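Okay, structure first, notes after.
In what follows, chains are A, B, ... by sequence order, proteins preceding strands, each numbered from 1. Values in this document were obtained by computation on a predicted structure and should not be read as measured data.
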Amino acid sequence: MEMLEKKYNHEFVEEGKYEWWKENDFFAASKKDAKPYTIVIPPPNVTGRLHLGHAWDTAIQDVCIRYKRMQGFDALWVPGMDHAGIATQAKVDKKLRDAGIDPRSMSREEWTKQAFSWKEEYALSIHNQWAKLGLSLDYHKERFTLDEGLSKAVRKVFVDLYQEGLIYRGERLINWDPLARTALSNEEVIYKDVEGAFYHIKYPIVGSDEYLEIATTRPETMLGDNAVAVNPLDSRYQKYVGKSVLLPLVGREIPIISDEHADIEKGTGCVKITMNHDPNDYEVGLRHNLKGITVIGFDGKMNENALHYCGLDRFLAREKIVQDLKNEGYLLRVEKIVHSVGHSERTLVPVEPMISKQWFVKMRPLADKVLANQKDASKKVHFLPSRFEKIMNHWMEITYDWCISRQLWWGHRIPAWYKDGETFVGMDSPGEGWVQDEDVLDTWFSSALWPFSTLGWPDITSLYQKYYPTDVLVTGYDIIPFWVNRMTFQALHFTHQRPFKYCYIHGLIRDKEGRKMSKSLGNGVDPMDVIKEYGADALRYYLVTSTSPGTDLRYEEEKVRSTWNFINKIWNASRFVLMNLEDYQESEICLKDIDKWILTKYNKTVKSVLKYMDRYEFQNVGSVLYDFIWEDFCDQYIEVAKFSLDDFTTKNVLLKVLTGILKMLHPFMPFVTEEIYQKLPIHEKTIVLSMYPIYDEKEVYLKEEALLDDIFSFVRLFRTTKSSYNIGKEFAVVFQNEEDYSLPIKMLKLEGHIFDTFSSSASYPVTYKNYSLLLYDSHTKTKEEEEIKEKEILLLKQSISKREALLSNENFCKKAPAKLVLEEQEKLKFEKQKLEELL
RNA sequence: GGGCGUUUAGCUCAGUUGGUUAGAGCAUCUGCCUUACAAGCAGAGGGUCUGCGGUUCGAGUCCGUAAACGCCCACCA
């Protein structure tokens, strides 16, 4: 039999295993008649390297899928990647520009070719990283969002929603990214506090020498002002309603209108209305039949409506206009403020609200379906932890129409064709002369279909029939609005069921100081570097078992190192077992108490692990396994097993328990468990497809468990006593009764120290339940020891009086469970006895 | 302006339906190279569980309230 290397070497252990698993197709979902268990991977963007967040997210999924696979489920984990429209396009454009090529000078076809080769490059790198992480993905089912099948699903959804009146095209005020030059959805706008100012401007009232004072943070938009609004309840300004003001610099007359939007409390109570550059003003304008004027172009520069400011960047124009207002005496004052400004999630430039013709999804009916469905526990998406359901529901309650068209090249082309003012929406081009819409769809439009489009939908494939709906979706809470919500409403609408039964939400990875990992802070950690130093097994176990669901994780390298130590411990324990299994043969076994003890602990561990695994409580799985392996198996059983290594029963139990340990650990640390498993005298072809341990009640021996627990407690107490009194190698023990002390004698190496009687000035009782001895220090009692003893007596007295008080409390005795009262009485008795011995 | 989360040992975090002396890892201290492991073994110290009030025989846990920090949402000119 092969032995394990002397030291745990993660690089050696992890080398080549993934390739072997893949070659043998262990990860492929089989067609066998087993119950399915499905996960679709959140497809990473083909824009760069995977970060620690991906490692965390995918490790959780791999734990789930490996667990179920070992339990005999037909486990399918669908891999795939996302084309990531705007993000990838930005990267490809940058790459081209860096090479001195203007991406806009290329034809769409040429550019797309470039983008696909970029995708191939990053797909390759992502595959390598998945391999390093050990993810048991079924590559036969791999998908890419721009695949023909998925594109068909996208078109189908678009066409159907259009025909149902749930997709429409129209001119609306949308969020515009002037750098990427595309429309954005509300979710793609992130609000950041920036330093700005309130510019207080004089708007002279026509036909009088009075003026209204207007405060704005965006003076450059005044060129497009349509009105000034005051609140209908604001008595200060009622007399002006119906009159006009003369727009400074522009010289255009605009009406003073009455609208609730004007806040009496805020500023001067007068607000300028710029329909085409502010979402609120847009609404006000519609109410008052105003006609908007666009003064900023899609390039973020002032346009031809902006007088001589035309061509100036919007921020330069702001400075210029403020200067001009000041010069002409219109600027009353400038008040510095910090206010929140919407920025593009991708390009980080301030978004510009713009009037534009775009495609929208009418959300209300779709969102209502989700809200209704979430009321049915048997049909709803169950969030883990459950509080995140509120996030989704709230989004569904307040949602507004989703702008889905993007002025990009990278993505699914909108299946709409135009000819002579007519619009055709369908799966394919209606033919000659029709021109397809230039725009593509929001990336999230296709991602929203991921759980079913990857399984072949809209075709009712066998894959779709067997594996849909999926069992669990694993993602971070930051992705709920973008993705989870949209998958949920699209799934309900098109597949008439939830896309996944459970939605496991994890947090974000932070650095040691609790800051978000980001490129700009330079505090990001490359999981590949961690794997190189500590191995994927250590990284995975650390990531998955370190937090409870939904909470953020502070990455600490020391913890990965301490996980490495844990694996090293397992390695060495396995080495010990294997060393003693060289002559292993199956034979009659005769369980001793200690064997029954470890089998009981083992089965109880299996039971807990099963419970926690089924509840996705991996932190609990981690701690249960850690404690069992380190404390019960290594510290106790192996130590005691050393006394009976020639016993085949011991060998048998060692093998059985070790095998179970490896299997339970396997989902978390696949590489090292496979390595050791292969060396066991009895094993299947791979641990990947081995059967997960089951709880066996017949192997639970409560009597023996209690017996050994007592002995171990007694042994521990002896060590504590000996150590706290600084008793060295010269000591004597006198047993106080006829109990079986054979195990303590061996464990504590008492041979040669046992006497029938002993006389010494220093004697200390070591008593645990039925086990009792007197420990004698062969040296004379020192003052220090005397003090320790005094302290112990004091603590004992305190404890006794506390218990006496509790037991004399009538209410406690009456209301507390009888078992608890009995325990208290026992303890009191025991402490009193011990006190007597000490005195 | 709404909503949520966090607050437990020096640090990072667990703590099930309320019930022994509140746990772990790392760090610290003491003693050990005991042939699986010194990346280890055997011990030890360290917490008025953020404050206040309530329910209860009993509260880290349930209820109310305050504070600090963080996050999400919302049209803040």
Side-chain angles (χ1 to χ4, degrees), chain A residues 4 6-8 186 191 198 214-218 221 228-229 261-263 266-274 278-284 339-340 353 385 387-388 390-391 394-395 397-398 477-478 480-481 507-508 510 512 514 516 542 545-548 550-556 558-559 561-580 611-612 615 617 619-620 622-623 626-627 630 634-635 638-639 642 715-716 719-724 726 728 748-749 795 798-799 802-803 806 809-817 819-821 823-824 826-827:
Chain A
L4 290 180
K6 193 132 193 186
K7 294 245 162 193
Y8 166 53
N186 294 38
Y191 286 86
F198 262 137
I214 306 290
T216 179
T217 54
R218 302 201 56 199
T221 65
V228 168
H261 168 64
D263 188 335
K266 202 168 274 177
T268 56
C270 309
V271 59
K272 70 190 199 66
I273 300 301
T274 319
D278 183 282
N280 296 309
D281 293 3
Y282 184 72
E283 296 299 319
V284 175
H339 63 140
S340 130
R387 70 183 130 94
F388 287 103
K390 273 184 273 182
I391 307 280
H394 180 65
W395 189 90
E397 277 156 16
I398 63 158
Y477 56 70
D478 53 328
I480 294 172
L508 304 176
R510 300 179 175 278
K512 220 180 151 181
K516 235 165 135 170
Y542 160 69
T545 66
S546 282
T547 56
S548 44
T551 55
D552 290 350
L553 174 66
R554 287 192 193 202
Y555 175 77
E556 284 178 289
E558 304 87 88
K559 290 202 176 182
R561 191 180 299 127
S562 109
T563 304
W564 191 99
N565 288 350
F566 175 46
I567 299 175
N568 187 49
K569 184 78 182 174
I570 296 159
W571 182 267
N572 278 295
S574 305
R575 219 164 75 82
F576 173 84
V577 173
L578 288 169
M579 275 168 64
N580 291 290
K611 180 177 81 180
Y612 293 132
R615 290 193 202 160
E617 292 177 16
Q619 177 157 39
N620 290 334
S623 69
Y626 188 97
D627 291 349
W630 206 304
C634 295
D635 291 348
I638 286 186
E639 289 309 317
K642 286 176 180 172
V715 165
R716 214 170 290 125
R719 286 171 175 153
T720 309
T721 310
K722 188 160 170 275
S723 150
S724 58
N726 283 319
L748 296 167
K749 298 189 168 64
L795 284 173
Q798 280 172 353
S799 180
K802 220 169 116 186
R803 270 186 230 289
L806 187 62
N809 182 334
E810 260 181 60
N811 278 321
F812 174 76
C813 298
K814 220 163 35 187
K815 294 186 183 173
K819 195 182 153 206
L820 201 72
V821 179
E823 270 174 29
E824 280 297 323
E826 287 286 314
K827 273 172 216 151

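A donor-acceptor pair under 3.5 Å links the side-chain atoms of A:Gln619 to the main chain of A:Ser548, judged by distance alone. A donor-acceptor contact shorter than 3.5 Å links the side chain of A:Ser724 to the backbone of A:Thr720. In this structure a side-chain-to-backbone donor-acceptor pair under 3.5 Å is missing from A:Asp278 to A:Thr274. A:Asn620 places no side-chain N or O within 3.5 Å of a backbone atom of A:Tyr612 that could act as its donor or acceptor partner.
No hydrogens or angles were tested; on distance alone, nothing pairs the side chain of A:Glu639 with the base of B:A42 as donor and acceptor under 3.5 Å.
A:Arg510 is not listed as a side-chain neighbour of A:Leu553, based on a closest heavy-atom distance of 4.5 Å or more.
Nucleic acid contact class of A:Arg716 (heavy atoms, under 4.0 Å, all strands): sugar-phosphate only. Contact annotation for A:Tyr612: base contact, defined as any heavy-atom pair under 4.0 Å involving a base atom. A:Ala229 comes within 4.0 angstrom of no nucleic acid atom, judged by non-hydrogen atoms across all strands. Within the 4.0 angstrom heavy-atom criterion, no nucleotide atom of any strand lies near A:Cys813. Note on A:Thr720: only backbone sugar-phosphate atoms sit closer than 4.0 angstrom, heavy atoms only; bases stay farther off. A:Lys819 comes within 4.0 angstrom of no nucleic acid atom, judged by non-hydrogen atoms across all strands. Here A:Leu795 lies out of heavy-atom contact (under 4.0 Å) with every strand. No engagement by A:Lys814 is indicated, since no non-hydrogen atom pair under 4.0 Å with the nucleic acid exists.
A distance of about 31 Å separates the P atoms of B:U7 and B:G43, rounded to the whole Å. B:G46 and B:U6 have their P atoms separated by 29 Å, with the value rounded to a whole Å. Look at the P atom in both B:C63 and B:C26: the space between them is 35 Å, to the nearest Å. Atom name C1', nucleotides B:G18 and B:U30: the rounded distance is 38 Å, in whole Å. Nucleotides B:U65 and B:A24 place their C1' atoms 33 Å apart, quoted to the nearest Å. B:U17 and B:C62 have their P atoms separated by 9 Å, with the value rounded to a whole Å. B:U12 sits 41 Å from B:C75 when the C1' atoms are compared, rounded to a whole Å.
By the 5.5 angstrom centroid cut-off and the 30-degree plane limit, A:Trp564 is classified as stacked against the base of B:A39.
Summarising the geometry, the separation between CZ on A:Arg510 and C1' on B:C69 is reported as 12 Å, rounded to the nearest angstrom. Distance, A:Phe576 CZ to B:A36 P: 6 Å, rounded to whole Å.
For A:Asp635, there are no side chain to side chain donor-acceptor pair (under 3.5 Å) partners two or more places apart in sequence or in a different chain. For A:Lys266, the side chain to side chain donor-acceptor pair (under 3.5 Å) test picks out no residue, with sequence neighbours left out.
Close to B:U12, at under 4.0 Å from its OP1 or OP2, lies a side-chain N or O of A:Arg554. Side-chain N/O atoms of A:Trp630 include one lying less than 4.0 angstrom from OP1 or OP2 on B:C41.
Each of A:Lys6 and A:His339 was assigned the nucleotide of RNA chain B with the nearest heavy atom; the assignment lying further toward the 5' end belongs to A:Lys6. Comparing A:Thr551 and A:Asp635 against RNA chain B, the residue whose closest nucleotide sits nearer the 5' end is A:Thr551.
For B:C41, the paired base is B:G31 (Watson-Crick or G-U wobble, both distances below 3.5 Å). In this structure B:G64 sits in a base pair with B:C52, meeting the Watson-Crick or G-U test at under 3.5 Å.
Here the two rings, on A:Tyr542 and A:Trp564, have centers that are 6.0 Å apart or farther.
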With sugar-phosphate taken as primed atoms, P, OP1 and OP2 and all else as base, the protein-contact string of nucleotides 17-33 of chain B at under 4.0 Å (heavy atoms; B, S, -) is --BBS---S--------
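Closest contact between the side chain of A:Ser548 and the listed nucleotides B:C71, B:A14, B:A36 involves B:A14.
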